[in-house]
Amino acid sequence: MQPTGEHFYFAHSYYVETTDPSLVMWWCRYGSVEFPATISRGNVFGCQFHPEKSQWSGLRFLRSFILGGRA
C-alpha cells in the first residue's frame with residue numbers, strides 16, 4: 001500500500017537509503033528526492049516519520065500496524 005494524499009511528520013533533514021529496494025514498504029517524495037519512508041524485513045519494521053506526531057494519518061498507520069495491516 002502506498003498512501004496518497006496523506007501527510008506524515010518528518011522531523012529531520014536527512015534520510016536513510018537502502019541497498020535493497022525490496023525492503024521498502026512506502027516511498028516518499030520531497031521535491032525531486034524520493035526516499036524510503038518505511039521498511040520491513042522479517043519481523044523488523046521501521047519508519048522515518050513520526051506516526052505519533054502525524055495526526056489522523058499517524059493514528060491510522062499505528063492502528064494498522066497493531067492490527068497487522070488491517071486498518
Side-chain angles (χ1 to χ4, degrees):
M1 175 182 143
Q2 186 72 22
T4 58
E6 299 280 343
H7 296 278
F8 294 92
Y9 181 83
F10 291 82
H12 307 292
S13 60
Y14 59 88
Y15 58 92
V16 178
E17 293 183 353
T18 179
T19 57
D20 185 355
S22 70
L23 301 177
V24 178
M25 294 177 60
W26 290 355
W27 290 91
C28 185
R29 178 174 298 281
Y30 184 76
S32 63
V33 178
E34 188 172 69
F35 59 93
T38 59
I39 59 168
S40 176
R41 182 175 179 188
N43 64 350
V44 177
F45 179 82
C47 58
Q48 295 202 103
F49 58 89
H50 289 268
E52 77 282 4
K53 294 182 178 186
S54 297
Q55 300 183 2
W56 292 111
S57 297
L59 290 174
R60 278 193 299 275
F61 170 81
L62 288 172
R63 183 172 190 269
S64 178
F65 177 76
I66 291 168
L67 296 175
R70 298 178 309 275

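- By the criterion of side-chain heavy atoms lying less than 4.5 angstrom apart, applied directly or through intervening Ile, Leu, Val, Met, Phe, Trp or Tyr residues, W27 is not grouped with L23; the two fall into different hydrophobic clusters.
- Applying the side-chain contact (heavy atoms from CB on, under 4.5 Å) criterion to V33, with sequence neighbours excluded, gives Y15, F35.
- Residues forming a side-chain contact (heavy atoms from CB on, under 4.5 Å) with T38 (at least two apart in sequence, or on another chain): M25, W26, F45, C47, F49, F61.
- Looking at D20 and T18, their side chains never bring a donor and an acceptor atom within 3.5 Å of each other.
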